[in-house]
Structures are given as structure tokens and as C-alpha cells.
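Working notes, beginning with the structure itself.
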Number of protein chains: 2
Amino acid sequence: MTERKLTLRERQRAGTRRLIQAHAVRLFTDRGYDAVTVAEVAEAAGVSAMTVYRHFPTKEDLVLIDQPARLIVEKVAASPATQPVVRRVGGALVDAATVLTGEAADERAVGERFLLDCLRLMVSTPALRARHLDSQYALQQAIVDALGGDGAATQDAAFRVQAATSACLAALHTALTRWAEDDGRTELPDLIARALAAAFGDVVAA
Amino acid sequence: MTERKLTLRERQRAGTRRLIQAHAVRLFTDRGYDAVTVAEVAEAAGVSAMTVYRHFPTKEDLVLIDQPARLIVEKVAASPATQPVVRRVGGALVDAATVLTGEAADERAVGERFLLDCLRLMVSTPALRARHLDSQYALQQAIVDALGGDGAATQDAAFRVQAATSACLAALHTALTRWAEDDGRTELPDLIARALAAAFGDVVAA
DNA sequence: CATCCATGTGTTAGTTACTAACATCGAGGT
DNA sequence: ACCTCGATGTTAGTAACTAACACATGGATG
């Protein structure tokens, strides 16, 4: 699975990174994001505050998970260009979620729990929610590029693609929020599919 | 139009508020949001930094325009409950935009220019874009409430309403972004209607 | 018109997120 | 064994806020 060619330093670095993030999410969940300072996170992880900033550019990045943008973009690019945009993007989102949540069940237990903790923080903390929504906006730009709506097409066509893509990602966000509220009890791909169906009707029936 | 029963102090307060905001948006547009400190905004407006914070809780609020949430919510609540959600919300968004951009043409020239400056900043500055997206998320909650999907209905129905509403607001955001890029040359209601049509097809034909 | 109070404002001191610059220590190749 | 480079710590600094207190002025009351 994971690359075994990592040098000792790289493993140590990755280790402290995960250590810092784990302590951060735990403290934030316990006492609230705003009530915990970066210095406290650093102390809990046994490092200096500067080290925290070397691994995470901002306090918010301690919680924000880098969306699997690459996977989604690949799936969008691989979708047939003959289908409507909402179907292509929606299908890619469901597929990507299936791949991600379907990984090895043993790692899933711990990994998914951590992910749910992060998601809950993102939904409940205004600053994190805002940053998360903005990262989805960045994902939208990447998806639009992958859809092949390159500068060639009309500006009006590009606008329509933007609108459809943003609507799909909004449905995804609704599904993610619900997933966090449900504590992960419902299967994420199902939630995404249902959110898409609620917004677009049967256009996205895979 | 505006209430003439304002006391002197209220008019003074509103005056300094607009003064501060005008100087802020001008400075931000000229030199960039991050390169201008709140202290500089205060100095340009001829007040102390503390006064700026008394009028605007955060630096970001100097640019963020309070969305006409009330108008939109009213229009949503007034829409026929028999129609699908995307139609009800989409129609309300177009209607509200028509009302707002259709105001007295003389005030519109200056007001719309200021609004476009703010929008451009919101689109191009990450911190502002994030806050704006989050304020749209707040608007989403208000719209869902107004849709009458009160706790009575199924939790699943509430989820579907959330998904559809969020998708509509995503289309709105795409339209607003395009409007700012177009420098307001295209009529905003038309842009919104086209964005909705691109996402949902003919479901929203008003 | 004199008085009192509420409100907007200024000043100061503090907290916290974040940055820059320099010193140190240890991993990893020579 | 030596040298380099990368990870970390330390210090000092900037800027967005917040709290607390003092001051002045609008606006109502006698």
C-alpha cells in the first residue's frame, strides 16, 4: 500500500505531523476550536509552536482534510463527454466516494473516525466551515478544467458548466454535512446520490 | 424611500460607517486586501482603529455586503408550495435580484458600482471568498426554514430540501461571480436564470 | 435654560495567529 | 569520520482583534 522507500527523516516528519494533527483535533473536539490556542496544541504534541506552523500553514489547516481532488478530477475527465454535465460530475463524485469509503475495512475504522471528527468540526465552526467551502470552490475550478470546457468553447458554455458543477458540489457538501451528523452511519455514496437526485431529479441516475 | 425619522446621532453614525467602508473598499481595491491594515483604513477615514471595529466586527465585514436575505426569504415563503423546490427557490432568487437591481436608476449607478467593487474583492480574495460562501450557507438555512420544511416532515425530506436549496445557491454564486467579472454589463436576473437553467434544465422556467 | 444620561469615540494594554531570522542538532551521503 | 542539509527551537516582531476606562456630545427631562 504505502511506499516503503521512505527515509527515516521522512517517516519522522510524517509522524510528528500526524501526532500534531491528532492532538489538535482531539483538543478542538473537547474544548472547541476557538478555545484552544496553537501553543496549547504544540505543547500537547510535545513540540514548539513554530513546528506546528511548519507542518500546517494555518490553524485551520490542522482540521481541513485535503479533499481527494485528484481522484475526483480523474473520474470526471474519464466520464463520457456525451452526457450532461451534472451526470458526469455527479457520477464522478459518487464513484470517488465509493472508492474512498470502500478501502480496507480495518484501516477504515480509525481513519473514518478521524475524518468524521474533522468533518464535525468543519460543520460546526464558522471559520473552518468557510475555509472548507472555499476549498470546494477550488475543487470546482479543477473539475471545470477537467470537463474539457477549455477556453475553446463559448464563454456562455463555460458559464453553464460552472453553474452545473457548482450545483453538484453544493449537493456533495449537503451530503457530507449529513454524513457527519449521522456519524457515518449512512453510506456516503448513497447520501451523495440522494442529494444529487433531490437537486437534479433523475438526470443523474447512474 | 429611506426613513426620515433618523435622529442626528443615528445619521452621524451611519455617515461614519459609510465613510469607513468607502475608504476601506477603495484602499483594498487599489493595494489589495491583505496589504492594507485596519489602522490604515481608520487613518484614511479620519477615525481611530477602535471605531472601525465598533462599526465592523472584523476586517472582512468591511467588504461583505449583508445579503438581502430577508427579501429572498420572503419571496421563497410566498412561492406556491406545490412547485418543486428548485423552482420555488430559483424563482425567488430571480425575483429578488430583479427588485434589487431595478431600483431607482440614479442611485443605482453609484450603489451598483460600490457593490461590484465589493463583489470583485470577494471573488479574488480567498479570505473574503470563504466568508461570503459561508454567509450563503447561512442564507441556505434561512431558506430551508422558509420553505416550510419544518421539523414535521421526514428527516429524509428535509435532507432533499437542503440539497436542492444548496444547489440553487451555488448557481446564484456562479451568477454573482460572472456578474462581477462582467462588470455588471449583463443583467443580474438574466444571469441567475441562465445559471439555474444550466444546472436544472427547464425545471425552473418561470 | 440647566441637568443628567446614554451613546459614540479615543486611549491603553493585552491576547493570539502568524512571520522572519538565526542557532542547533542529527540523519544520510561522501 | 566528515559535511551537508533538513528539521526543530528560540527570539523578536507584525497585525487582527478584545477589554477596560476616560471623555465628550446628542437628546431628553426638569
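All values derive from a computational prediction rather than experimental measurement. The chains referred to below are lettered A, B, ... by the order of the sequence lines, with proteins before strands, and numbering in each begins at 1.
Ion pairing between D117(A) and R120(A) holds under the 4.0 Å rule for side-chain N and carboxylate O.
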**Study point:** Evaluation steps, side chain to side chain contact (heavy atoms under 4.5 Å, CB included), between L115(B) and W179(B)
**Key:** CA-CA 11 Å; L115(B) 199 128; W179(B) 193 54; 3.3 Å; yes
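With sequence neighbours left out, D95(B) forms a salt bridge (charged side-chain N to carboxylate O under 4.0 Å, His left out) with no residue at all. Partners of Q136(A) according to the side-chain hydrogen bond (donor to acceptor under 3.5 Å, both in side chains) rule, which considers only residues two or more places apart in sequence or in another chain, do not exist here. Applying the side-chain hydrogen bond (donor to acceptor under 3.5 Å, both in side chains) test to T165(A) and every residue at least two apart in sequence or in another chain returns nothing. In this structure, the side-chain hydrogen bond (donor to acceptor under 3.5 Å, both in side chains) partners of R31(B), at least two apart in sequence or on a different chain, are E40(B). Every residue meeting the side-chain contact (heavy atoms from CB on, under 4.5 Å) condition with Y53(B), not counting sequence neighbours, appears here in chain and number order: V38(B). For Q140(B), the side-chain hydrogen bond (donor to acceptor under 3.5 Å, both in side chains) partners are Q162(B), not counting sequence neighbours. Among residues two or more places apart in sequence or in another chain, the salt bridge (charged side-chain N to carboxylate O under 4.0 Å, His left out) test is passed with D156(B) by R194(A), R160(B).
Separating the CZ atom of R17(B) from the C1' atom of dT9(C) is a distance of 17 Å, rounded to the nearest angstrom. Remark: P of dT9(C) and CZ of F56(B) are 11 Å apart, rounded to the nearest angstrom. If you measure from atom CZ of R31(A) to atom P of dT16(C), you get 11 Å, rounded to the nearest angstrom. One can place CG of D61(A) at 14 Å from P of dA17(C), the figure rounded to the nearest angstrom. A straight line from CD of E43(B) to P of dT9(C) spans 18 Å, rounded to a whole angstrom.
For dA7(D), the OP1/OP2 oxygens have no side-chain nitrogen or oxygen of H55(A) closer than 4.0 Å. Using a 4.0 Å cut-off, some side-chain N or O of T16(B) falls inside it from OP1 or OP2 of dT9(C).
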Exercise for review: Would you give a per-nucleotide map of nucleotides 14-23 of chain D, 5' to 3', where B means the base has a protein non-hydrogen atom under 4.0 Å away, S means only the sugar-phosphate does, and - means neither?
Suggested key: --SBBBB---
Study note, to complete from the structure: Going 5' to 3' through nucleotides 2-7 of chain C and flagging B where a protein heavy-atom sits under 4.0 Å of the base, S where only the sugar-phosphate is that close, and - otherwise, we get ----BS
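Along DNA chain C, the nucleotide closest to V47(B) and the one closest to Q12(A) are compared, and the more 5′ of them pairs with V47(B).
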